Amino acid sequence: MSTLTLDLLDRLVAFPTVSRDPNRDLIDFVASFLAERGIESQLIATPDGRKANLLATLGPKDRPGIMLSGHTDVVPVDGQAWSSEPFRMGVRDGRAYGRGTADMKGFVAAALALVDRAVGAKLRTPLQLALSYDEEIGCVGVRSMIEEMSGRTWQPRFCIVGEPTSMRVALGHKGKLAARACARGVAAHSALAPHGLNAIHLACDFVDRLRFRQAELATGGRKDADYDVPYTTIHVGRIGGGTALNIVPEQCTLDFEIRNVAADDAADILERLRRDADAIVARETTRFECAAIDIETVNAYPALDTSPDSEVVAFAKALVEDERTFKVAYGTEGGLFQANLAIPTVVCGPGSMDQGHRPDEFVALDQLVGADRMMDRLLAKLLV
């Protein structure tokens, strides 16, 4: 393993880039790291300047290159029982511990170490680096980067998103649509409950329809056997309503998501759920004209579905030691790169998501060794 990779990971972990907080200190560090090596960075910042994406190209700028994509934000540590400081990397028992070591600063560190090795080399194919913010809350930040990239003459030939895959090549992931349903009823004293319309009851009727649609998808929906759960899922993650026990609640809100296999259209499923909500409300509007269940889409990103026979898969398999391919359960920015910019994309990076998002997150040192080897093989390809 490159000493620089581990040193860079130590530096990156020390930036507490939880999605709710700025990432500019980390981005500015990376921009300075690149500038010291004569590489110009383009920052795509939020209007308030607290967060930014970074794009950089090493080598010729007049042709498609290989893009390494990573996000810089991490999930919170609040309420988690860590045995060590989460934002101070510790190395023990063949592992590097710290928030983001697996998801996914280990990959970012290996990519920056590759840049350091590639400086001065006569690259025939460009190496492109794309670092984003707010991936953990729905691939939010990368969208402004994609908008910026869409106006360019050249798009990357391939993209490797470095989420943790234990250094295996992942061909896809499900899409996700996050939505909020707001049920509106009529308040009343609970002693006269039938005189009101209970918004929580409306919401619960809607939850029943969500579960019915989920059962339909599980038994008769499209299947993709490459996933642990081979069908599209619908899940309610949060529900809230009411102010006091003796008041019939007039409002209730629930947050739900659809995680769809590529063969399913999440928007079509959502439309069926809207019709279900309308049918629930129609039973009440004779007595309560204001009854409603309003549904809004909060966030969505597409599935990634790369053919195992595609050129990008052959390219990526040549970079790793384990050539078995699979699909990951979690979402990535890869679906957006593929859908919006038509960039052939795979997911491959050090560590396992089994270690991500939990206390004492770690990446095994041998995974970082594997990442460095992948980067060395990539460098060799860029020179040819």
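Positions are given from 1 along the sequence. These figures come from a predicted structure and were not determined experimentally. Keep in mind that the numbers below use all heavy atoms, side chains included, and drop hydrogens, waters and symmetry copies.
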With salt bridge (charged side-chain N to carboxylate O under 4.0 Å, His left out) as the criterion, how do E321 and R373 come out once you've worked through the C-alpha distance, each side chain's angles and the decisive distance to 0.1 Å?
CA-CA 9 Å; E321 295 168 11; R373 288 175 179 164; 3.0 Å; yes
Are F15 and F87 close enough, and set up right, to give a ring pair (Phe, Tyr, Trp, His ring centres under 6.0 Å), and what steps lead you there?
CA-CA 7 Å; F15 294 107; F87 296 108; over 10 Å; no
Under the side chain to side chain contact (heavy atoms under 4.5 Å, CB included) rule, what do V328 and T165 come out as? Steps first, then yes or no, please.
CA-CA 8 Å; V328 292; T165 64; 4.3 Å; yes
Criterion salt bridge (charged side-chain N to carboxylate O under 4.0 Å, His left out) on R20 and D78, from CA distance to verdict
CA-CA 12 Å; R20 65 185 176 223; D78 308 55; 3.0 Å; yes
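Checked by atom type and distance alone, the side chain of R99 pairs as donor or acceptor with a backbone atom of P76 at under 3.5 Å. Using a distance-only test at 3.5 Å, with no hydrogens or angles considered, no donor-acceptor pair links the side chain of T101 to the main chain of Y97. Between the side chain of Q367 and the main chain of P350, no donor-acceptor pair closer than 3.5 Å is present. In this structure a side-chain-to-backbone donor-acceptor pair under 3.5 Å is present from T232 to V261. Without hydrogens or angle criteria, R143 side chain to C139 main chain gives a donor-acceptor distance under 3.5 Å. When atom types are taken as modelled, the side chain of K105 and the backbone of V74 share no donor-acceptor pair closer than 3.5 angstrom. Side-chain N or O atoms of Q251 include none that pairs as donor or acceptor with a backbone N or O of G241 at under 3.5 Å. At distances below 3.5 Å, not a single donor-acceptor pair connects side-chain atoms of R259 with backbone N or O atoms of L177. Of the possible donor and acceptor atoms, one in the side chain of R37 sits under 3.5 Å from a partner among the backbone N and O of F33. Proximity of a side-chain donor or acceptor of E136 to a complementary backbone N or O of S19 within less than 3.5 Å is not detected.
Proximity of R157 to I343: side-chain heavy atoms (C-beta onward) are nowhere separated by under 4.5 Å. Between C159 and S69 the shortest side-chain heavy-atom distance falls below 4.5 Å.
Between K174 and D264 there is no salt bridge, since none of the side-chain N atoms of the basic residue sits less than 4.0 Å from a carboxylate O of the acidic one. A salt bridge links R324 with D322: at least one charged nitrogen is closer than 4.0 Å to a carboxylate oxygen. Contact check on E257 versus K176 returns a salt bridge, with a Lys/Arg side-chain nitrogen under 4.0 Å from an Asp/Glu carboxylate oxygen. Remark: D10 does not engage R88 in a salt bridge, criterion side-chain N to carboxylate O under 4.0 Å.
Checking each of I146, L55, L54 against I44 for a side chain to side chain contact (heavy atoms under 4.5 Å, CB included) leaves exactly one that passes, namely L55. Here the options are T17, N53, T72, the test is side-chain hydrogen bond (donor to acceptor under 3.5 Å, both in side chains), and the partner is N23; only T72 passes.
Distance CZ/R180 to CG/D294: 12.5 Å, rounded to 0.5 Å.
F326 carries R168 over the face of its six-membered ring, with the cationic atom under 6.0 Å from the centre and within 45° of the normal.
Within the structure, ring-ring contact (aromatic ring centres under 6.0 Å, His included) contacts touching residues 332-359 (residues at least two apart or in different chains) do not occur. A salt bridge (Lys or Arg N to Asp or Glu O under 4.0 Å) check over residues 204-221, counting only residues at least two apart or in different chains, returns the pairs D205-R283, R209-D276, R213-E216, R213-D276.
Hydrophobic cluster membership of L192, counting Ile, Leu, Val, Met, Phe, Trp and Tyr whose side-chain heavy atoms lie under 4.5 Å apart directly or via other members: none, as it forms a cluster of its own.
Between the side chains of H235 and Q214, not a single donor N or O lies within less than 3.5 Å of an accepting N or O.
A perpendicular orientation is assigned to the rings of H173 and Y301, their planes being inclined by more than 60° (bins at 30° and 60°).
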